[in-house]
Amino acid sequence: MTEDLSFKNRVVVITGAGGGLGRVYALEFAKRGANVVVNDLGGSLGGQGHNARAADVVVAEIKDRFKIEAAANYDSVTDNAAGIVQTAIDRFGRVDVIINNAGILRDSSFAKMQDAAFESVVDVHLNGAYKLSKAAWPYFRRQNFGRVVNTCSPAGLYGNFGQANYSAAKMGLVGFSETLAKEGYKNNINVNCIVPLARSRMTESIIPPHILKNLAPEKIAPMVLYLCHESTKVTNSIFELAAGFYSQIRWERSSGQIFNPSPESFTAEAILDKWSSIVDYTDKPFNKVSHPIQLSDYNALIAKARQLPANSQGSGRIESLKGKVVIVTGAGAGLGKSHALSFAKYGAKVVINDIRDPYTAATEIQKLYGEDSAVADKHDVVTQAQEIIETAIKHYGKVDVLINNAGILRDRSFVKMTDEEWLIVLKVHLYSTYGLCNAVWPVFLKQGGGYIINTTSTSGIYGNFGQANYAAAKAAILGLSKTLALEGLKANIKVNIVAPHAETAMTKTIFSEKELGSHFDPSQVSPFFVLLATDELSKKVGKPVTGQLFEVGGGWCGQTRWQRSKGVVSLQPSPEFLRDNWKNLVDFRQSTHPTSTQDSSMSILQSVTQATESAASKALFKYSERDVILYNLGLGCTSQELKYCYENDPNFQVLPTFGVIPFMSSGNSIKMDSLVENFNYAFLLHGEQYFKLNKFPIPTKGKLKTIGKPIQVLDKGGKAAVIIGGYQTINAETNETLFYNEATFFIRGAHAPKAKQIKNARAKFAVQPFKAPETKPDFEIEITTDINQAAIYRLSGDFNPLHIDPTVAKMSKFPRPILHGLCTLGVTGKVLYEKFGQFDEFKVRFTNVVYPGDRLKVKAWKQPNGVVIFQTFDLDKNYVVLDNAALKLVGGKANL
Ligand SMILES: CCCCCCC[C@@H](O)CC(=O)SCCNC(=O)CCNC(=O)[C@H](O)C(C)(C)COP(=O)(O)OP(=O)(O)OC[C@H]1O[C@@H](n2cnc3c(N)ncnc32)[C@H](O)[C@@H]1OP(=O)(O)O
C-alpha cells in the first residue's frame with residue numbers, strides 16, 4: 001500500500017504549535033490538506049511571557065508553503081481552552097482532531113520543589129489537556145468522529161530525577177487518555193498517548209548534543225498523523241517513539257499469588273513468605289500473566305483464594321515496625337482505618353488523620369494497643385499537609401512511614417463532568433499526595449530514610465468509564481511516586497504504589513451489584529501496605545524494594561510493570577510506513593521491560609543506531625593509509641615510529657591487531673536485541689575477543705566485507721546475558737578470507753531465555769584456558785595510556801558514546817568514559833608484536849575496566865609450540881584487565 005493518508009477537509013487543533021514538535025505537526029497536517037489551528041501562547045519554557053509571533057510565523061509558513069488556510073490562536077490552555085476550539089469553529093466550522101502538545105518545565109529536585117512549580121506544570125499539561133478535550137468533546141460526539149493525541153513522556157512512565165511535577169502531569173495524562181478512549185469508543189473518538197523523545201526546547205537542556213541530533217521532531221509527526229487519520233482504528237494505546245523508532249507500550253500484570261483471604265492468616269509475614277511469587281511473571285494454575293486494560297477478575301480470584309488452607313507464615317517475623325511512627329491519611333474509616341489497625345498490631349504508633357472523624361478510630365486503637373499507640377489528627381490533606389506532619393513530630397518526635405490514602409470520588413461521564421468535579425478530585429488525591437510527600441521529605445532526609453506508600457487505583461492504571469478525574473489523579477500519583485522513588489534511593493527513602501481492591505464507603509458506588517457484599521474487605525489489603533513499610537522486605541529481596549506498582553485485593557497480590565514491543569525503525573518514516581508496518585510495530589513477541597527513562601531512551605537510540613549501522617554495513621569496509629595511521633595513533637604510536645605513522649616510510653605497516661577493526665562495521669548483522677531479553681546497549685560490555693589473521697602483513701588499504709552470525713547465546717544466571725558472534729572478513733575483490741573474529745559481548749541486566757540459547761562450536765584457541773603462570777614473566781613492560789586515547793581510538797570505527805560522553809558513562813554506571821576493550825587489546829598487542837614478532841591467533845578476556853590515562857603493565861610467558869601467555873594489569877586501579885590471554889606466533893617461532 002502506498003496511497004497517502006489525506007487530511008483534506010479535516011480541522012486540526014494543535015497546542016504549543018509555535019515551535020518544536022507542535023510546529024512540525026502543524027506543517028505535516030497542512031501539507032496533507034488539513035486546516036490547522038496553530039495555538040501558541042508565545043510563553044517562555046518556564047511558562048512566563050506572552051508573544052503572539054510564534055503562532056503567526058507558523059501560520060504564515062503554512063499558507064506560503066501549502067497554499068492552505070490556517071489560523072493562529074494565542075490563548076492559554078489553562079485560561080481559555082474553549083477559546084482555542086472556538087477559533088476552529090469560527091474559522092473552519094468544525095473540529096476533528098486535537099493534539100495536546102503544549103507544555104512547560106519547572107525542574108527541581110523534590111527537596112527543593114515549590115508548590116507553585118508543581119501546580120503550574122500539572123496545570124498546563126494535565127488540566128490544560130482536560131480543558132481542551134472537554135471543549136472539543138461535544139463536537140466530536142455530535143459528528144461521531146474525533147481524534148485526540150495526548151503527549152506523555154518517559155519521565156511520566158518511569159519517573160525522572162528532578163521532574164516530580166512533570167512525571168505526575170505526564171502520567172496523569174495516561175490515565176486520563178485511557179478513560180477518554182473508553183468513553184469515546186462508541187462515538188468513533190479515538191484517544192491515544194504518545195511518549196516521544198524529541199529535540200525541543202525542553203529536551204535540549206537535558207540530553208547530550210550527539211544524541212539530540214537524532215531526535216528530530218519530524219520523526220515523531222508520522223505517528224501523530226497516523227493515529228489521527230479517519231481510517232485508523234487504534235485507540236486506548238500508548239506509543240514510545242524517537243529518532244525513527246516506533247513501539248507500543250502496555251501494562252503487564254504478573255500472575256501474582258493468591259492467599260487464603262481470612263485475616264487470621266493473611267498477614268504481612270504470609271505475604272513476605274511468598275514474595276517472589278508475587279513479582280513472578282510466569283503463568284500459574286490460578287492466574288495467567290496478562291496485558292489488561294482493566295482490573296483483575298477479583299470475583300474469580302477470591303473464589304479460588306477462599307478454597308485455600310490457612311497461609312504459611314514462613315520463618316521470618318516482622319519486628320522492624322515496633323516504635324515506628326506511621327501517618328495514615330483518611331484513616332477514620334475504610335481502608336485507612338484498617339491500615340492503621342494493622343500497623344498498630346505490629347507495635348507502630350499511628351497518626352489517624354481524617355477530616356471527618358479521626359477520634360473514634362484513634363480511641364479504638366488506643367483501647368487495643370495502649371494510650372500512646374494512636375493520635376487523632378483532623379487536618380485537611382489538601383491545605384494542611386505541614387500540620388499533619390507536625391502532629392506526628394509533636395506527639396512522637398519523628399515520622400517513619402507515610403500512607404497517602406485519603407480520597408473522594410466524583411464520578412461522572414466526561415461530557416457531563418464539571419470543572420469543579422475535575423479539580424476537587426485532583427486536589428484531594430494528587431495535590432494532597434504531593435503536599436504530604438513534600439512536607440515529610442525533609443523529615444525523612446534528616447532522619448536518614450523513611451517509607452511512603454501511595455494509593456493509586458486500577459482506574460488510574462487502566463482508566464475507567466465515568467472517572468476521567470479520578471483516573472487522571474491516580475495515574476499522576478503513579479508518575480509522581482516513580483520519580484520520588486528515584487530521588488529517594490540514595491537517602492534511603494522508599495516509595496511504592498498500591499492499587500487496592502476493597503469495598504469501602506468511598507467505593508460503594510462503583511462496585512457492581514454482584515460484587516457488593518462479596519466481602520472485599522480492607523483487611524485483605526492492609527497487610528500488604530504494612531509489609532511495604534518493613535525493613536524485612538528489602539532484606540529478603542536483597543535490594544531496596546522501591547518504585548514498584550502493586551495490585552492487591554481479595555487475597556490476591558500482584559505486580560504491574562511496563563512492557564514494550566520490539567518496535568520498528570525507519571530512517572525515513574511516514575504515516576504510510578507506520579500503517580504498512582503496524583503489525584510488526586505492535587508485535588510483543590520480542591518485548592522488553594524498560595524501568596527507567598535512561599534505560600528506555602538508550603535502548604531506543606540503540607535500535608536506531610543499529611538500523612543505521614545495519615544499512616551502512618551492507619556497504620563495504622573501505623580503508624586507506626590514512627585509516628591505518630589513525631588506527632596506529634589510536635594505539636599510542638608516535639611520530640618517532642615512522643613505520644606506523646608515515647605512509648612513505650619503506651616499512652610502513654598497520655599493527656596486526658587491526659584484524660579486529662573491520663568486523664565492527666558489520667556488527668549489526670547480529671541483532672542482539674532480538675537474541676536476548678531486556679537488551680540495553682548502555683549495559684553492553686566487551687567481554688572477550690579472539691581473532692585469527694589469515695594474511696600478514698595486513699594490506700595497508702583495501703575493500704573488505706564481513707559476514708557475522710551468532711555462535712553462542714548464554715544466560716549468566718539472570719544477571720547478564722552473553723552473546724558470542726563469529727565474523728568472517730573477506731577481501732571484497734578477491735573473496736580471499738583475511739580475518740576471523742569471535743567477539744563476546746557481556747550484557748548486564750539482560751536475560752537469555754532457554755528457547756533462545758545457542759551453543760555452537762567455537763575456534764579451538766578461543767576456548768583454550770590460558771592461566772597466567774605464577775613464575776617470573778619472560779617479558780614485562782609498562783605503558784601509560786593517554787588521557788585522549790579513547791577520543792582518538794574511536795575514530796577507527798567504534799563510536800560507542802560510552803568511551804567519550806560523560807553522561808552516557810554515568811548512565812552505564814561508570815564514573816567517567818572508559819577505554820575501548822579493543823584499544824587495551826591493541827596497546828598490549830603492539831608491545832607483544834614488537835617483542836615476539838608476527839602472530840596469527842590472539843585472544844583475551846576483558847576482566848576489568850580501563851580508564852584513559854591509566855598506567856598498564858603487560859607481562860608475558862613463553863610456552864611450547866610458539867604460544868605466549870600474557871596478562872595486562874592496571875597499575876592505577878590495581879587489578880588485572882586482560883586475562884586468560886594468549887597469542888600464537890606464526891610458525892611457532894618466538895623472538896625471545
Ligand atoms: C560488533 C558490534 C558491537 C560493538 C560493540 C562495541 C562495544 C564496546 O564499545 C564496548 C567496550 O569496549 S567495553 C570496554 C571493555 N570491556 C570491559 O571493560 C569489561 C571489563 N570486564 C568486566 O567489567 C567484568 O569482567 C564483567 C562485568 C564483564 C563481568 O564481571 P562480573 O559480573 O563480576 O562477572 P562474574 O561474576 O565474574 O562472572 C559471571 C559469569 O560471566 C562470565 N564472565 C565474567 N567476565 C566475563 C567476560 N569478560 N567475558 C565473558 N564472560 C565473562 C563468568 O565466566 C561467569 O560465567 P559462569 O557463571 O558461566 O561461570
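Bear in mind the structure is a predicted one, so any value in this text is a computation, not a measurement. Computation of the quantities below employed the complete heavy-atom set of this structure, encompassing side-chain atoms and omitting hydrogens, waters and symmetry-equivalent molecules. Just so you know, ligand 1 is whichever comes first in the structure, and atom 1 is the first atom listed for that ligand.
In terms of polar-atom proximity, defined here as any N/O pair under 3.5 Å, Gly821 does make such a contact with ligand 1. The shortest N or O to N or O distance between Arg748 and ligand 1 is not under 3.5 Å. Backbone and side-chain nitrogen or oxygen atoms of His820 are examined, and none is located within less than 3.5 angstrom of a nitrogen or oxygen of ligand 1. Between Val722 and ligand 1, a contact under 3.5 Å exists for no N or O pair.
Between the Ser600 side chain and the Pro594 main chain, no donor and acceptor come within less than 3.5 Å of each other.
Listed by number with element, the atoms of ligand 1 under 4.0 Å from a non-hydrogen atom of Leu819 are 14 (C). Atoms of ligand 1 found under 4.0 Å from any heavy atom of Phe663 (numbered from 1 in listed order, with element): 1 (C).
Each side-chain hydrogen bond (donor to acceptor under 3.5 Å, both in side chains) pair with one or both residues in residues 814-830, not counting sequence neighbours, appears once here: Glu641-Lys830, Thr828-Thr872.
Here atom 31 (P) of ligand 1 lies nearest to Lys719 when heavy atoms of Met664, Glu688, Lys719 are compared. Nearest-heavy-atom check against atom 8 (C) of ligand 1 across Thr744, Asp883, Asp798 picks out Asp798. The residue from Tyr851, Phe846, Tyr727 that puts a heavy atom closest to atom 21 (N) of ligand 1 is Phe846.
At a heavy-atom cutoff of 4.0 Å, ligand 1 is contacted by the backbone of Asn848 but not by its side chain.
The ring-ring contact (aromatic ring centres under 6.0 Å, His included) test with Phe770 singles out one residue from Phe765, Phe870, Tyr690, Trp861, and that residue is Phe765.
Remark: Arg845 does not engage Asp883 in a salt bridge, criterion side-chain N to carboxylate O under 4.0 Å.
The aromatic rings of Phe779 and Phe836 lie perpendicular to each other, with more than 60° between the two planes, well past the 30° mark. The aromatic rings of Phe839 and Phe691 stand perpendicular to each other, their planes meeting at an angle above 60°, with 30° marking the opposite boundary.
Legend: residues meeting salt bridge (Lys or Arg N to Asp or Glu O under 4.0 Å) with Glu677, ordered by chain and number and at least two apart, are absent.
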